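These notes are about the structure you will find just below.
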Amino acid sequence: MAVKSTIEIDQEKGNFHYDTQYNYDAGTGLDENTIRYISDVKGEDKSLLDFRLKALKIFESKALPTHWATQDLENINFDKIRYYLAKGQQPSRSWDEVPDDVKETFERLGIPEQERKFLAGVEAQFDSEAAYSNTKEQLKKEGVIFIGPTEGLKEYPEIFQKWFGKVIPTGDNKFSALNSAVFSGGSFIYIPPGVKVRQPLQAYFRINAENFGQFERTLIIADEGAEITYMEGCTAPKFETATLHSAVVELIALKGAKIQYITVQNWSNNVFNLVTKRGMAMEEAEIRWIDCNIGSRLTMKYPAVILKGAKSRGEVLSIALANDRQHQDTGAKMIHAADETTSNIISKSISIGSGRSSYRGLVNIPKHLKKCKNNTECDALLVNSKSRTDTYPAITLKGDDNSIQHEASVSKVSAEQIFYMMQRGLSEGEAMSLSVNGFVNDLISQFPMEYSVELKRLIDMEMEGSVG
Amino acid sequence: MDSLEIKNLNVTIENKKILDDFSLTLPKGEVHALMGPNGSGKSTLAKTLAGHPDYSVVAGESLVDGKNMIGLSPDEIARSGMFMAFQYPSEISGVSIANFIRAAITARLQKDEELQATQYYKQLYEKMDLLKMDRKFTSRSINSGFSGGEKKRCEILQMMMLKPKYAVLDETDSGLDIDALRIVADGVNKMRSPDIGILVITHYHRLLSYIVPDKVHVIYNGQIVQSGDKELAFELDKKGYDWIKNESVTSL
């Protein structure tokens, strides 16, 4: 049993950690033995072990993408990271059975409270494995599956194997290969045909350990006409050394299904957050990514939708806030692969102090398609002269019967605006927070309510803290 | 008696002296006008009183009911009861007038106090009616796409809602047509009371036909060179600022 000892608290909500005893530890560094250890403790069959080992080879063979991305990636020391840390293998179905230190962690983050208030199901991951996972009885009766990927493969192999790794192949990029080699935790969700889940399912990812890498893997399948909203949140304590978070998230929306995937990324700013997210929308299906990046040292994440079925729809609404010493390298990809598909990208980035935001977009509409539409808007706000923003939109439009619309803007919160607001009695932090909220308001108002409240609170905290 | 007392204010911007031993006393309950040609230091005075960081106060005091404001941050000065209506108010997109004013009022509340929303909107609508502002205005972003008249009315609306002890109106008449000028002046006149001192900064006497001042001061080269009653404004209008310039040269 774990011994609870020192708790480190800081004014930031997520910045505390417990000296936890782990029963499963793959040690430091990455080689074949690390992978055999993970696969073994998880009781996986040989085919999955082979999948992992093959992924390791691909990971090792790929260079870091520093020819287009930041050199900061070179500061990740893959030999100093711990790839698997878990207290146990099975998540508890009741908070009472969760070990005290883990339970207290999630209580401080408000997870059980949110579950009672508005969630249909929760999974709470602590380092490598879920410590708690529960779905409302009614949903289970309707056939909704909400478990981890390891359980998913064991209990529902025919659904799992049909889609696992199909939207994002192992070799998609260096970090999807890394995830494929060492993944643990994450969610496997299946919504049966016609089932519309009204309340969101939520996963919360918590990193507690130092020098650690979290590699959850999520696969969500909404069967024909099904609807689901999934929310993920994340925090970690701030350590001097770098922490790595590298997830792979695959979504499949079958005919007429709707998936809304919401992220509030609030990692501490020593975390490298390198995540691959992609959904595939079949005929008349809809996938919407709401992606908000507030934390981390470096985030590289470009949620994508492959519009595979006619009349399918893809959307990415994103907000990135880069404060001092942070780099938010985010964007969106829309791959049109059928007629009458539409996509919408709205990206708002805020750079403060030495913070840096980059937008990278990729929209592809090939020549043979008809009546496809894309709308891209990217707006950047600079909160002082040191901050930096870059936009790299890549839009390929071919054929006469397709249309795109692209707007981009860069604006500044000027010293005069701040003075004006302060003259009305607002503190500098309140003034900045108000102008930043003003900048993102029209976008946030499109988000689900519980979520927009939380987001505004986070932005306020960031802005208050950014006043020197 | 309570007053805004500006004592021997010396202000430079980028090492250039703008205000030179400037002194003025505005008793609470009075309206004073400060007139002067371009470059005489009018706007510098307004911004200095509001604590603008670009203006360095080399010496002097600005006393709000005896408490010196020099060295305080702009928001502290504002919360001490000093309001400035801007000549060029900033646009803040996405922040509605209603939310902005509410945030400003909330910033003045004590920790355990709370703003009553119904009471707040009742007051806001009352003042907007006085200024002949459409209620739809409350949801518009502060100053974004406003006409000159709308911006100035919005400044006066904020002044009415924030109830300052002293208000400095910096060239509030600039960019206004005659109808807007009347509405704005009406608003200011309705604010006149024993609880507030108002300093109207203007280049032209036109505004002073509508807001009749208790006293008129003329600023030139960063100093007050003449003070008098409202007639001074009209004299100045007839003779032009050259008269003041010549006077001040001969008086030296």
Side-chain angles (χ1 to χ4, degrees), chain A residues 317 319 321 346-350 377-385 407-447 452-453 455-457 459-461 463-464 467-468, chain B residues 46-55 69 72-109 139-144 151 154-155 157-165 167-168 170:
Chain A
L317 307 178
I319 290 175
L321 195 151
I346 301 178
S347 156
K348 300 225 181 205
S349 73
I350 302 135
E377 294 169 36
C378 19
D379 299 321
L381 184 72
L382 301 176
V383 180
N384 70 37
S385 54
E407 283 174 41
S409 76
V410 179
S411 45
K412 255 186 180 171
V413 176
S414 66
E416 282 310 306
Q417 284 173 315
I418 297 294
F419 175 68
Y420 181 76
M421 289 186 270
M422 289 178 80
Q423 208 300 305
R424 300 306 184 240
L426 302 176
S427 69
E428 191 179 356
E430 286 165 345
M432 290 209 281
S433 168
L434 201 61
S435 42
V436 167
N437 270 308
F439 174 70
V440 295
N441 251 346
D442 56 335
L443 189 55
I444 290 186
S445 63
Q446 298 181 40
F447 298 173
S452 57
V453 171
L455 195 65
K456 283 188 175 181
R457 198 185 57 77
I459 291 175
D460 284 347
M461 275 169 47
M463 300 313 297
E464 288 290 332
V467 180
Chain B
K47 288 190 173 157
T48 303
L49 295 180
H52 195 293
D54 288 353
Y55 298 82
M69 298 288 115
L72 299 185
S73 64
D75 54 318
E76 289 171 319
I77 296 174
R79 293 195 300 268
S80 303
M82 173 73 84
F83 182 89
M84 170 184 159
F86 284 61
Q87 185 177 3
Y88 305 109
S90 292
E91 302 185 3
I92 302 144
S93 57
V95 180
S96 71
I97 292 183
N99 282 342
F100 183 58
I101 298 178
R102 189 164 53 192
I105 294 176
T106 307
R108 286 164 169 76
L109 297 178
S139 56
R140 283 181 64 182
S141 292
I142 283 276
N143 299 320
S144 289
K151 281 185 184 172
C154 184
E155 291 293 285
L157 175 67
Q158 292 175 56
M159 175 168 91
M160 289 175 148
M161 292 299 291
L162 297 176
K163 303 185 180 72
K165 292 177 185 158
V168 178
D170 188 12

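Here the structure is a predicted model, which means the values were calculated and not measured. The analysis underlying the following values was restricted to heavy atoms, covering all of them including side chains, and did not include hydrogens, waters or symmetry mates. Below, read A as the first sequence line, B as the second, and so on, with proteins coming before strands; counting in each chain starts at 1.
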Q) Shortest non-hydrogen contact from A:R424 to B:E155? A) NH2-OE1, 2.5 Å

Q: Working to the nearest 0.5 Å, report the span between CG of A:N437 and CD1 of B:I92.
A: 13.0 Å

Q | Among the listed options B:G94, B:S96, B:S73, B:S141, the residue most often paired with chain A at heavy-atom distances under 4.5 Å | A | B:G94

Q | Heavy-atom closest pair, residues B:G51 and A:F419 | A | C-CE1, 3.9 Å

Q) Is chain A contacted by the side chain of B:I142, its backbone, both, or neither, given a heavy-atom distance below 4.5 Å? A) side chain

Q: Check each atom of A:N441 against the heavy atoms of chain B and say whether the ones under 4.5 Å are side chain, backbone, both or neither.
A: side chain

Q. Looking only at heavy atoms, which two atoms of A:M422 and B:A78 are closest? And how far apart?
A. O-CB, 3.7 Å

**Q.** Nearest non-hydrogen partners of A:L434 and B:V95, listed with the distance
**A.** O-CG2, 3.3 Å

Q) Do the side chain of A:E430 and the main chain of B:A107 share a donor and acceptor less than 3.5 angstrom apart? A) no

Q.
Taking side chain as everything from C-beta outward and backbone as N, CA, C, O, which of these in B:P89 sits under 4.5 Å from a heavy atom of chain A? Side chain, backbone, both or neither.
A. both

Q | B:R79 side, atom CZ; A:L426 side, atom CG - distance, nearest 0.5 Å | A | 8.5 Å

Q. Where does the angle between the aromatic ring planes of B:F100 and A:Y420 fall among parallel (under 30°), tilted (30 to 60°) and perpendicular (over 60°)?
A. parallel

Q.
Keeping A:Q423 on the side-chain end and B:I77 on the backbone end, is there a donor-acceptor pair under 3.5 Å?
A. no

Q: Hey, could you give me each pair passing salt bridge (charged side-chain N to carboxylate O under 4.0 Å, His left out) that has a residue in residues 87-105 of chain B? Not counting sequence neighbours.
A: B:E91-B:K151

Q. Which bit of B:N99 comes within less than 4.5 Å of chain A, counting heavy atoms only: side chain, backbone, both or neither?
A. neither

Q.
Looking only at heavy atoms and a cut-off of under 4.5 Å, which of A:S427, A:A431, A:S435, A:S414 has the most pairs with chain B?
A. A:S427

